[in-house]
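The sequence lines fix the lettering, A, B, ..., with proteins before strands; numbering per chain opens at 1.
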Protein chains: 4
Amino acid sequence: MATRSDTTKCKLYDAALALIAEKGFAGTTVDEIVERAGVAKGTVYYHFAGKAELVEALIAERLTPLQEQFRMTLEAACTPSAALEALVRAELEWIRDNRSFSKMLMTELWREERIWHDTLFSLRHSIIGYFERAIADGIAAGVFRSDIDAAFAASALFGMTVTSALDWLVFSPETPLDTVAEQIRRLASMAVTSGSAA
Amino acid sequence: MATRSDTTKCKLYDAALALIAEKGFAGTTVDEIVERAGVAKGTVYYHFAGKAELVEALIAERLTPLQEQFRMTLEAACTPSAALEALVRAELEWIRDNRSFSKMLMTELWREERIWHDTLFSLRHSIIGYFERAIADGIAAGVFRSDIDAAFAASALFGMTVTSALDWLVFSPETPLDTVAEQIRRLASMAVTSGSAA
Amino acid sequence: MATRSDTTKCKLYDAALALIAEKGFAGTTVDEIVERAGVAKGTVYYHFAGKAELVEALIAERLTPLQEQFRMTLEAACTPSAALEALVRAELEWIRDNRSFSKMLMTELWREERIWHDTLFSLRHSIIGYFERAIADGIAAGVFRSDIDAAFAASALFGMTVTSALDWLVFSPETPLDTVAEQIRRLASMAVTSGSAA
Amino acid sequence: MATRSDTTKCKLYDAALALIAEKGFAGTTVDEIVERAGVAKGTVYYHFAGKAELVEALIAERLTPLQEQFRMTLEAACTPSAALEALVRAELEWIRDNRSFSKMLMTELWREERIWHDTLFSLRHSIIGYFERAIADGIAAGVFRSDIDAAFAASALFGMTVTSALDWLVFSPETPLDTVAEQIRRLASMAVTSGSAA
DNA sequence: TATGAATGAGCATTCATTCAT
DNA sequence: CATGAATGAATGCTCATTCAT
């Protein structure tokens, strides 16, 4: 099933991802990518229209499983609180396991002129959508406070998790994921749980 | 007092900032910067050692007032809760008023090879430090829960605010700052306030 | 009789001719040729040694009938004047019916480094030879003036016809061939007919 | 008056012209041009948008004097016959003195996709216009036959001259210009002069 | 203090050709 | 007889930097 083309593309994806995470898109040359992938330069242009399109294809290919994972995470959870916790954990795990990809996403997400801008933004929107659904469910069920905007809170929690995750991986990678998840859980659950406020 | 040299540098700073925010550091050429600044190409190299050094100087010049503002914000607040709220508001205001700069910071922060990497990271560290101090004060005073790590929570709140701010500016810039600040205040205050947890 | 090989070659000839007429030899890629011909890239190299050799074979294949037509035209004419007129008409007809080929000939004729340069020049020489023979016959018969060089006049008339034909096809293709032929006949016959000069 | 820029551009024009006449536009590399011109590669792109634009500028720059020469030639002539003869002679002289340029014109004129296509065609049109005016004057004056189309005859004579000139330069460059001019004069003057026809 | 023509190493991309199937 | 994935030398172009004025 894995054709020769697929194998070659995969080698290119891996090489490009590792290099771009380290040096950025503009800082990575096609020469470096093909050298790392072990193919000739022309091969990139046989399979893709150009360097940017290679990255676009890479993003599309690697992002589908991520979205799928989030979808399943949300479906598996019984309560809104559990769903939120599971989503945070899934996000942390994915960032930990796809560090290169996460870093690339962080640095390329806000660059508006890139051709994969739309792909990236729709991903972001769809992921935050899962958080939003969990929060909206919690509000409807009365377990989450009703004076917050679900969409706003979703984006805020997502950003909190990303920031914490990157801090974690850069400054104290030896900390177990559970500890990080627990810290975020405490902050996040309190932030949205209904009850007495300040 | 404003010498001709200062005027020229300022024009270069403004031009570079606007362009880099839009297209990134690597995507912005010296030609574009000097054209927008209305000076000749050689002028950049008369005032700075190179393109990177121009940006480094720009960052250093624009960062001092930011830190100063945070310092004063923290000093002016009476209670830890008020301090946290004021810091969030200061962060939001700054991002709103320095949108280009914020965007540049977001995209360049994680690029390790850049010469201003250290400057940027120490800025981040210092800003988060203000949040951390407010949270630690609150924990010590018993108004904030003691089962969270002040440093961790500080970074998380900072990231939550940045993410919300960028979402705000990109997707719904017409929303008043007060509304955004209030949403974050609700999430943040609950997150750290001591009381019953989920 | 038409083997599969012949069919494939013919498809390649047609595709190559159309593209080269429009974009020139250097401006046409093998990829474009095979796409238009509907065959795979390797097929070109199965049948020909390379791109240049494909064009060389194409020229050789399409040129034989042209020369044959000129030979028969000359033989069929009774008088030198009629011969000249018939040659002009044959040239016009061929250019009209082989527009792509004519255009390719025009642009490639003066490119000395090409491998088919000799083929093309000998063709040109042979065609002009037919004109020359008709003019020389006319001079010998006393119906054409004797103060012109037959070879020179042949080349001049040939060039006049080509130029007029291309102008015709490019700028006023709706004009009937007869009108064009008649105009050239008037200019040409006067040019060579013996009588009083200016 | 000759600025540094002008000097550099001129060196590039000379180098490009010589090389393109020999090897064609597509066959000439920018590297070859700059090496022959004795400047660095970037210089081409400092002064022109690209290789094609360099050639476009070259054509525009070298064509103005040619048109001017034709205009003066036509004005200086007393009679239509003399005008025609002078135009033919001017064309021959120019082709002889600008052999590289002529050859480039011949091979690039029919390539429709080039950016200088319009420039080249309007030149052609303007030059043929001078022939046309002379012929039309002769017809009006009764010295040229009235059964030919002035525009058609102009194009035909122009083409006849070009073809003869290139034949001359390629196959018998030792022939004096006067001999060639005289041959063409005989053919051309007879072709258009009013009198008994075949 | 400022200019802008010139530089050249580095880059993305093209494309005729090869070859295993 | 035909394919199409792979190749890599060659090419047009970019752009940070230099320097004479």
Rounded to the Å, how far apart are [X] [atom1] and [N] [atom2]?
X	N	atom1	atom2	result
D/Lys51	E/dT14	NZ	P	15 Å
D/Lys11	E/dA6	NZ	P	8 Å
A/Lys23	E/dC11	NZ	P	9 Å
A/Glu53	E/dT14	CD	P	10 Å
B/Leu12	E/dA2	CG	C1'	11 Å
B/Ile33	E/dG4	CD1	P	17 Å
D/Asp31	F/dA9	CG	P	16 Å
B/Glu35	E/dA2	CD	P	19 Å

Where [X] and [Y] come nearest, the two heavy atoms and their spacing:
X	Y	answer
B/Ile59	B/Met104	CG1-CE, 3.7 Å
C/Thr64	C/Ala60	OG1-O, 3.2 Å
D/Ala52	D/Phe25	CA-CZ, 3.8 Å

Respond yes when some side-chain nitrogen or oxygen of [X] is under 4.0 Å from OP1 or OP2 of [N], and no when none is.
X	N	answer
C/Thr29	E/dC15	no
C/Thr8	F/dA2	yes
A/Tyr45	E/dT14	no

(message) With a 4.5 Å cut-off on side-chain heavy atoms, are C/Phe101 and C/Leu63 touching?
(response) yes
(message) Does any part of the side chain of D/Val34, heavy atoms only, come nearer than 4.5 Å to the side chain of D/Thr43, both counted from C-beta?
(response)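 No. Closest side-chain heavy atoms not under 4.5 Å.
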(request) Classify the side chain of B/Lys41 versus the base of F/dT17 as yes if they form a donor-acceptor pair under 3.5 Å and no if they do not. (result)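 Present.
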Describe the nucleic acid contact of [X] in one word from base, sugar-phosphate, nothing, applying a heavy-atom distance below 4.0 Å.
X	value
C/Thr28	sugar-phosphate
B/Gly50	sugar-phosphate
D/Ser5	sugar-phosphate

(message) Counting only heavy atoms not in B/Glu35 (residues, nucleotides, ligands), do more than 12 fall under 6.0 Å from its CD?
(response)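 No, because the 6.0 Å sphere around CD of B/Glu35 holds 12 heavy atoms or fewer from other groups.
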(request) Give a yes or no on this: more than 12 heavy atoms of other residues, nucleotides or ligands lie within 6.0 Å of atom NE2 of B/His117. (result)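 More than 12 heavy atoms, drawn from other residues, nucleotides or ligands, come within 6.0 Å of this atom.
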(request) Nearest-nucleotide wise, let me know which of D/Ala52 and A/Gly38 is further upstream toward the 5' end of DNA chain F. (result) A/Gly38
(message) Which is more 5' along DNA chain F, the nucleotide nearest C/Ala40 or the one nearest D/Val30? Just name the residue.
(response)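 Looking at DNA chain F, the more 5' nearest nucleotide goes with C/Ala40.
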(request) Could you say whether B/Val44 or C/Phe25 is positioned toward the 5' end of DNA chain E, judged by the nucleotide with the nearest heavy atom to each? (result)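 Taking each residue's closest nucleotide, the earlier one in sequence belongs to B/Val44.
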(request) With DNA chain E as reference, determine whether D/Arg4 or B/His47 sits nearer its 5' end, using the nearest nucleotide of each. (result)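 Upstream on the strand: B/His47.
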(request) Dot-bracket for DNA chain F, please, read 5' to 3', with Watson-Crick or G-U wobble pairs under 3.5 Å on both distances, ( ) within the strand, [ ] crossing, | other strand, . unpaired. (result) .||||||||||||||||||||
(request) Show the numbers, then the answer: is there a side chain to side chain contact (heavy atoms under 4.5 Å, CB included) between B/Leu54 and B/Val30? (result) CA-CA 10 Å; B/Leu54 159 61; B/Val30 176; over 6 Å; no
